Amino acid sequence: MKRRLIKKEWEAHIQDFKESGLSKAAWCQKQNLPVHRLYYWLKKLSPQADCPTSSFYYI
């Protein structure tokens, strides 16, 4: 799949992946998508991505 999917489409893809019960690799193979793309969007749309301070530590 060459075209880039927009955020809403990837939200639907991720929901489908989570409900499928398949591994990331198996789900991507079934969808004809590269696994790295799923990893990218899982990270991009994760709740931690909304909180930029979550990766910082406090002294």
Side-chain angles (χ1 to χ4, degrees):
M1 184 175 242
K2 298 236 181 208
R3 72 180 187 100
R4 292 190 175 171
L5 300 175
I6 58 173
K7 183 180 174 183
K8 292 285 183 193
E9 290 174 314
W10 268 102
E11 288 170 347
H13 276 318
I14 290 171
Q15 186 67 32
D16 180 60
F17 159 68
K18 289 179 179 179
E19 292 173 356
S20 73
L22 297 171
S23 69
K24 291 175 180 77
W27 184 86
C28 287
Q29 185 176 20
K30 183 179 174 186
Q31 300 297 322
N32 197 27
L33 291 168
V35 178
H36 73 273
R37 183 112 27 226
L38 177 61
Y39 277 103
Y40 170 83
W41 281 100
L42 283 168
K43 185 174 180 179
K44 185 173 178 77
L45 299 177
S46 73
Q48 291 85 10
D50 294 337
C51 182
T53 59
S54 66
S55 61
F56 292 100
Y57 61 93
Y58 296 96
I59 300 173

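This structure is a prediction, so every number in the text was calculated from the model and none was measured. By convention here, the first residue in the shown sequence is residue 1. Side chains included, hydrogens not; waters and symmetry mates left out as well; all remaining heavy atoms used.
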Just list the side-chain donor-acceptor pairs under 3.5 Å for residues 21-30, sequence neighbours left out, or say none.
| from | atom 1 | to | atom 2 | distance (Å) |
| --- | --- | --- | --- | --- |
| Ser23 | OG | Ala26 | N | 3.1 |
| Trp27 | NE1 | Asp16 | OD2 | 2.9 |

Measure the spacing between NE2 of His13 and CG of Leu38 and express it to the nearest 0.5 Å. 9.5 Å
Mind checking what makes side chain to side chain contact (heavy atoms under 4.5 Å, CB included) contact with Glu11, not counting sequence neighbours? Lys7, Lys8, Leu45
If the condition is side chain to side chain contact (heavy atoms under 4.5 Å, CB included), which residues does Tyr40 pass it with, not counting sequence neighbours? Lys44
Provide the closest heavy-atom pair for Phe17 versus Leu42 in the form atom of the first, atom of the second, distance. CE2-CD1, 4.4 Å
